[in-house]
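What's counted below: heavy atoms across the whole structure, side chains too, no hydrogens, waters or symmetry copies. In listed order, ligands and their atoms are each counted from 1.
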Amino acid sequence: MAVYTQLSSADLEQLIGHYDVGQLVSAKGIAEGVSNSNWLIETTGSGSGGARFILTMYERRIDLADLPFFLDLLDHLAAKGCPVPRTIHDRDGASFRWIGPKAVALIEFLPGVSVDLPSPAQAHAVGRVLAQMHLAAMDFPKTRANALGADASAKVLAECGAQKLALIDPALPATIAIAARIAADWPQGLPQSVIHSDLFPDNVLMRGDEVSALIDFYFACNDAMAYDLAVTHAAWSFAAGGRDFRGDVGAALLAGYQEVRLLEAAERAAMPILAQAAALRFVSSRAQDWLDTPADALVTRKDPMDFVRRLDFYAAQGPALFNA
Ligand SMILES: Nc1ncnc2c1ncn2[C@@H]1O[C@H](COP(=O)(O)OP(=O)(O)O)[C@@H](O)[C@H]1O
Ligand SMILES: N[C@@H](CCOP(=O)(O)O)C(=O)O
């Protein structure tokens, strides 16, 4: 389910008419994704270069006041040579428009496919691009606080409550105390930039071993760069629902990152706790979504236990795991 709103051809033609991209040729709903509605738009093309675009309608989870942060960030990173799609601006220079009460943005289409089971070479390439992105974002002038940091994960799990969490899985209530401890022990003073915060394989488009695009920056915020690396490590280095740790993939990711930006000693020392916090971030959002989503909804619920297994794995490791 990735098209929540139906747009008529008249709606689409009227919208595309505001951009210098030629005439609308076709619009196809995109099946992937869960948060927003997305269409692949083809036009006859013009001065903007290219005739394929992604049209995104922002449906849920996003505070629309944050849209200028997300969309300007794409333009900032693209201008600095990072593989991220540019925002197409309308003839008035606006990066997003409204269709009734809903905001929409036209975004550059970049080729590539998401990989299900990344190879070490692909993880290495992602590590390099993540570091490149962190460096390129350091002078991005807008800021956005992390609404899903360690404090928020602890709060979400506490609010779900042990009783309801146990309905999902008997192992989940124990994460309430772990999340509170990790929030209390959060390492201060780590170097910051704008971070992606959700760089799962489905948010990276690849051509072979090369990254062609990082997409879905709608959780981007200012936070510790090493935390973003920890999120990416947790998302890329496991298979089978978090049961199998793929050490070669994790090591390649860390090595690729550090070819571009070497971790400081404090960041390396913090990696075990950051990795546990990263796992808890997805335990908490998945548990909350699980409890909020009716069992018969047309959306596939993501299993929080996939990240409890990662949490347990990271808790049992020392810092050596992160010495690439
Ligand atoms: N700039 C882009 N270029 C090419 N394909 C894209 C682009 N942006 C999104 N897509 C496609 O749309 C899908 C859903 O986009 P995404 O932003 O991940 O949606 P959601 O926020 O709903 O998860 C992606 O999996 C990808 O196939
Ligand atoms: N990566 C998260 C889900 C985020 O959803 P998205 O639709 O914004 O990509 C997870 O796996 O829990």
Side-chain angles (χ1 to χ4, degrees), residues 1-5 27-42 48-63 66-67 70-71 73-75 77-78 82-88 95 102-116 147-148 153 156 168 195-207 211-221 228 230-238 241-242 278-293 298-311:
M1 176 73 168
V3 177
Y4 294 93
T5 303
K28 295 192 184 82
I30 296 178
E32 291 96 341
V34 290
S35 297
N36 300 312
S37 296
N38 287 295
W39 293 264
L40 174 61
I41 299 286
E42 274 189 74
S48 295
R52 295 175 101 187
F53 305 92
I54 297 291
L55 175 65
T56 300
M57 176 173 273
Y58 299 96
E59 302 278 6
R60 59 193 195 112
R61 279 209 194 128
I62 288 180
D63 180 349
D66 286 332
L67 266 188
F70 299 134
L71 297 174
L73 177 64
L74 292 180
D75 289 341
L77 294 174
C82 295
V84 308
R86 284 170 202 278
T87 312
I88 310 300
S95 58
K102 300 210 173 156
V104 292
L106 195 63
I107 290 169
E108 181 184 15
F109 174 90
L110 291 176
V113 289
S114 307
V115 291
D116 290 330
L148 298 171
S153 298
V156 165
I168 307 175
I195 66 168
H196 184 287
S197 297
D198 189 32
L199 200 59
F200 280 57
D202 63 347
N203 287 331
V204 178
L205 304 181
M206 306 211 63
R207 300 180 93 175
V211 175
S212 52
L214 308 184
I215 61 170
D216 205 353
F217 278 75
Y218 303 112
F219 290 112
C221 58
D228 211 14
V231 167
T232 311
H233 192 273
W236 283 72
S237 315
F238 294 82
L280 280 163
R281 140 77 178 93
F282 297 101
V283 171
S284 64
S285 58
R286 287 179 171 205
Q288 188 180 40
D289 283 352
W290 190 284
L291 295 171
D292 287 353
T293 309
L298 278 175
V299 172
T300 310
R301 297 187 291 189
K302 296 192 182 200
D303 189 350
M305 292 308 293
D306 291 0
F307 278 83
V308 173
R309 287 186 276 273
R310 286 158 164 94
L311 174 68

- Query: Do D202 and ligand 1 have an N or O pair less than 3.5 Å apart?
  - Reply: no

- Message: For F219, does the six-membered ring have the charged nitrogen or CZ of R281 within the cation-pi criterion, i.e. under 6.0 angstrom from the centroid and within 45° of the normal?
- Response: yes

- Under 3.5 Å: N/O of I215 near N/O of ligand 1: no

- Per-atom filter on ligand 1: closer than 4.0 angstrom to a heavy atom of P85 are 1 (N)

- Item | Main-chain N/O of T293 paired to R301 side chain as donor or acceptor, under 3.5 Å | yes

- Does any N or O in the side chain of T87 come within less than 3.5 Å of the main-chain N or O of I107, such that one atom is a donor and the other an acceptor? no

- Query: Are side-chain N/O atoms of T56 and N38 paired as donor and acceptor at under 3.5 Å?
  - Reply: yes

- Fit a plane to each ring of F200 and F307, take the angle between them on a 0 to 90° scale, and name the class: parallel (under 30°), tilted (30 to 60°) or perpendicular (over 60°). tilted

- Where the closest heavy atom to atom 20 (P) of ligand 1 is concerned, which of D216, V84, L214, D198 has it? D216

- So which bit of Y218 gets within less than 4.0 Å of ligand 2, heavy atoms only: side chain, backbone, both or neither? neither

- Query: With a 4.0 Å cut-off on heavy atoms, does T56 reach ligand 1?
  - Reply: no

- Tell me which protein heavy atom sits closest to atom 1 (N) of ligand 2, plus the residue, atom name and distance to 0.1 Å. D198 OD1, 2.7 Å

- Message: Donor-acceptor check, side chain of H196 to backbone of D216, threshold 3.5 angstrom: yes or no?
- Response: yes

- Protein heavy-atom partner closest to atom 7 (O) of ligand 2 - residue, atom, separation in Å: V34 CG2, 2.8 Å

- Task: Identify the heavy atoms of L71 and S95 that sit nearest to each other, and give their distance.
- Result: CD1-O, 3.7 Å

- Query: Should you measure from each heavy atom of S35, which atoms of ligand 1 turn up under 4.0 Å away?
  - Reply: 20 (P), 21 (O), 22 (O)

- Message: Using modelled atom types and a 3.5 Å cut-off, is there a donor and acceptor pairing between side-chain atoms of R207 and backbone atoms of G112?
- Response: no

- Is the number of heavy atoms from other residues, nucleotides or ligands within 6.0 Å of CG (D116) greater than 12? no

- Message: For G241, is there any backbone N or O sitting under 3.5 Å from a side-chain donor or acceptor partner on R309?
- Response: yes

- Ring centroid separation F217 to F70 under 6.0 Å: no

- Task: Could you say whether the N/O atoms of Y218 and ligand 1 ever approach to under 3.5 Å?
- Result: no

- Whether F307 lies under 4.0 Å from ligand 2, heavy atom: no

- Message: On a heavy-atom basis, I'd like to know which of R286, R61, R301 is closest to atom 12 (O) of ligand 2.
- Response: R286

- Message: Below 3.5 Å, N or O to N or O, backbone or side chain included: is there any such pair between D216 and ligand 2?
- Response: yes

- Task: Answer yes or no for S285: is there a heavy-atom contact with ligand 2 below 4.0 Å?
- Result: no

- Query: Among E108, R52, E32, which residue places a heavy atom closest to atom 25 (O) of ligand 1?
  - Reply: E32

- With a cut-off of 4.0 Å, which atoms of ligand 1 are near a heavy atom of N203? 18 (O)

- Item | S35-E59 side chain donor-acceptor pair, cut-off 3.5 Å | no

- Could you tell me which atoms of ligand 2, counted from 1 in the order shown, lie closer than 4.0 angstrom to a heavy atom of K302? 3 (C), 10 (C), 11 (O), 12 (O)

- Query: Going by the order shown, which atoms of ligand 1 are within less than 4.0 Å of some heavy atom of I30?
  - Reply: 12 (O), 13 (C)

- Could you find the nearest protein heavy atom to atom 8 (O) of ligand 2 and give me its residue, atom name and distance? S35 OG, 3.3 Å

- Do N36 and ligand 1 have an N or O pair less than 3.5 Å apart? yes

